[in-house]
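Since the structure comes first, as structure tokens, the remarks are kept for the end.
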Amino acid sequence: MKDLKVIFMGTPDFAVPVLQKLIENTSVVLVVTQPDKCVGRKQVLTPTPIKEVALENNIPVFQPIKIKAEYEKILNTKADIIITCAYGQIIPKEILDYPSLGCINVHASLLPKYRGGAPIHWCLLNGEEKTGITIMYMAEKMDNGDIISQREYKILDTDNVGTLHEKLSGMGADLLIETLPSIINKMNKRIKQEEEKVTYAYNIKRKDERLTFNAPGKTIINHVRGLNPWPLANFLLDEVECKVIEAKFVPKNGKQEPGTFVEVTKNTLGIACQDGIIYLEKVKPFGKKEMFIKDYLNGLNKKELKNKKVGE
């Protein structure tokens, strides 16, 4: 496949293994990624992870602010195929129609479930038992192109966004390389998505981060896992936000009001939910570094905290 001329379009860490595999196995003639952004408190202008890989491999980089208005460089680059992974902009029809082998996307869900920009977050938030990777043709509507190949992954109880991100990233790169020969030979499958089974995974909003304890314990733990390590779930204590990194659920019969601190000791902090207690294990208080719950409790008045309710 070394003679296959590829334009790759991607931006975050998730897309890096895909680009690296393409560099190893094909001829990447252009990388398209989002513009550099100012990052951190000092607002340092920082290239995207994909741009860094491209520059390390002496591959030309194109960073249009709006791809719909700036795409001539892509059309002027002789390529057989365009491959995208988490690029971050809607790609116009002029680009989709350009390469002879089409535009192929690597998507982190088992389409038609979880179309959109945050499929890894939402499969965990919704308590799914499995997820996976889809290799698909791109279309004008978001993530609705024909499916070429898929690979399934059974979600572990220990998985969170970080672990799934890493596993699916590698899986996507491997599946793409395995699928490419059939695309080149025009022997690949083209499976229409079943529209009645479509669900969406829109980008996480600020309101999605707030924990609601008037819910089953398993739902709350899924909420914590589904936002760990970014952007992290949170609750309010005396109107001050505290992010939750890790927690566990213990089923328990009782009449404690959900959201109430029902167990406060030197080493444990338990909050009542619908069917038991959520024990916080690792947190990140506002303006501080992450810490284990024992260290967090050192700075609180435990007597005052008992029977207090978290803020809404």
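Computed from a predicted model, the values in this text were never measured in an experiment.
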- Query: Under 3.5 Å, is there a donor-acceptor pair linking the side chains of R115 and N144?
  - Reply: no

> Given the rule that I, L, V, M, F, W and Y join up when any side-chain heavy atoms are under 4.5 Å apart, are M136 and I184 in one cluster?
Replying inline: no

task: Would you tell me whether T84 and N105 have side-chain atoms, one donor and one acceptor, within less than 3.5 Å of each other?
output: yes

Got E263 and L269 here, is their nearest side-chain heavy-atom distance under 4.5 Å? no

| message | Using a 3.5 Å distance criterion without hydrogens, assess whether the side chain of H107 forms a donor-acceptor pair with backbone atoms of A86. | response | no

Original post:
So does E152 pair up with K130, basic N to acidic O under 4.0 Å?
Top reply: yes

- Transitively linked via ILVMFWY side-chain contacts under 4.5 Å: V32 with L75? yes

- Go through the steps for E70 and K73 under the test salt bridge (Lys or Arg N to Asp or Glu O under 4.0 Å), then give the verdict. CA-CA 8 Å; E70 308 171 68; K73 185 168 183 176; over 6 Å; no

Derivation and outcome, side-chain contact (heavy atoms from CB on, under 4.5 Å), residues L280 and V244: CA-CA 7 Å; L280 306 184; V244 180; 4.1 Å; yes

- Query: Quick one: do E241 and K243 make a salt bridge, cutoff under 4.0 Å?
  - Reply: yes

Would you tabulate the side-chain donor-acceptor contacts of residues 37-53 under 3.5 Å, counting partners in other chains and residues two or more places apart, or write 'none'?
residue: Q43; atom: NE2; partner: G40; partner atom: O; Å: 2.7
residue: T46; atom: OG1; partner: V44; partner atom: O; Å: 2.9
residue: T48; atom: OG1; partner: T33; partner atom: OG1; Å: 2.9
residue: T48; atom: OG1; partner: K51; partner atom: N; Å: 3.0
residue: K51; atom: NZ; partner: D36; partner atom: OD1; Å: 3.4
residue: K51; atom: NZ; partner: D36; partner atom: OD2; Å: 3.1
residue: K51; atom: NZ; partner: Q63; partner atom: OE1; Å: 3.0

task: Assess the side chains of N222 and R225: does a donor N or O sit below 3.5 Å from an acceptor N or O?
output: yes

Do Q274 and N214 have side chains that get closer than 4.5 Å, going by heavy atoms?
yes

- [ ] Give the C-alpha distance, both sets of side-chain angles, the deciding distance and a yes or no for side-chain contact (heavy atoms from CB on, under 4.5 Å) between R210 and N234.
- [x] CA-CA 5 Å; R210 184 60 45 81; N234 67 67; 2.5 Å; yes

Exercise. side-chain hydrogen bond (donor to acceptor under 3.5 Å, both in side chains) between Q150 and T134: does it pass, once the steps are laid out?
Worked result: CA-CA 4 Å; Q150 291 185 317; T134 299; 2.9 Å; yes

If you group Ile, Leu, Val, Met, Phe, Trp and Tyr by side-chain heavy-atom gaps below 4.5 Å, do V106 and L4 land in one group? yes

Taken in chain and number order and not counting sequence neighbours, the residues that satisfy ring pair (Phe, Tyr, Trp, His ring centres under 6.0 Å) with Y202 are Y200

Basic-acidic side-chain contact under 4.0 Å: K309, E257: yes

- For the residue pair M1 and I177, establish whether any side-chain heavy-atom pair is separated by less than 4.5 Å. yes

Checklist line | Under 3.5 Å donor-acceptor, N76 side chain and E72 backbone | finding: yes

Give the C-alpha distance, both sets of side-chain angles, the deciding distance and a yes or no for side-chain hydrogen bond (donor to acceptor under 3.5 Å, both in side chains) between S109 and T131. CA-CA 6 Å; S109 81; T131 184; 5.9 Å; no

What I want to find out is whether D174 reaches R151 closely enough, with some N-O distance under 4.0 Å, to be called a salt bridge. no

Residue pairs passing the ring pair (Phe, Tyr, Trp, His ring centres under 6.0 Å) test with at least one member in residues 131-155, sequence neighbours excluded, are none

Problem set entry | I81 side chain near I7 side chain, heavy-atom distance below 4.5 Å | no

**Asked** Side chain of N25, backbone of K21: donor and acceptor closer than 3.5 Å?
**Response** yes

D13 and S169 have their tightest heavy-atom pair at O-OG, 4.3 Å

| message | What I'd like to find out is whether the side chain of P229 reaches to under 4.5 Å of the side chain of V161, using heavy atoms alone. | response | yes

Heavy-atom distance under 4.5 Å between the side chains of D146 and I191, does that happen here? no

The reported gap from CD1 in I133 to NZ in K167 (rounded to nearest 0.5 angstrom) is 13.0 Å

### Message
Contact between L305 and L297 at the side-chain level, heavy atoms closer than 4.5 Å - yes or no?
### Response
yes

Ring pair (Phe, Tyr, Trp, His ring centres under 6.0 Å) pairs touching residues 44-91, sequence neighbours excluded, are none

**Prompt:** D238 and K308: side-chain contact (heavy atoms from CB on, under 4.5 Å), yes or no, with the steps?
**Reply:** CA-CA 9 Å; D238 294 331; K308 188 178 255 186; 3.0 Å; yes

Residue pairs meeting ring pair (Phe, Tyr, Trp, His ring centres under 6.0 Å), one or both in residues 1-27, sequence neighbours left out, come to F14-H165

(Q) Is there a continuous path of hydrophobic side-chain contacts, each under 4.5 Å between heavy atoms, that joins I271 to I221? (A) yes

Residues 254-294 vs ring pair (Phe, Tyr, Trp, His ring centres under 6.0 Å), sequence neighbours excluded, gives none

L22-I95 co-clustered via ILVMFWY side chain contacts under 4.5 Å: no

Practice problem: Using a 4.5 Å cut-off on heavy atoms from C-beta on, say whether the side chain of S149 contacts that of L175. | Solution: yes

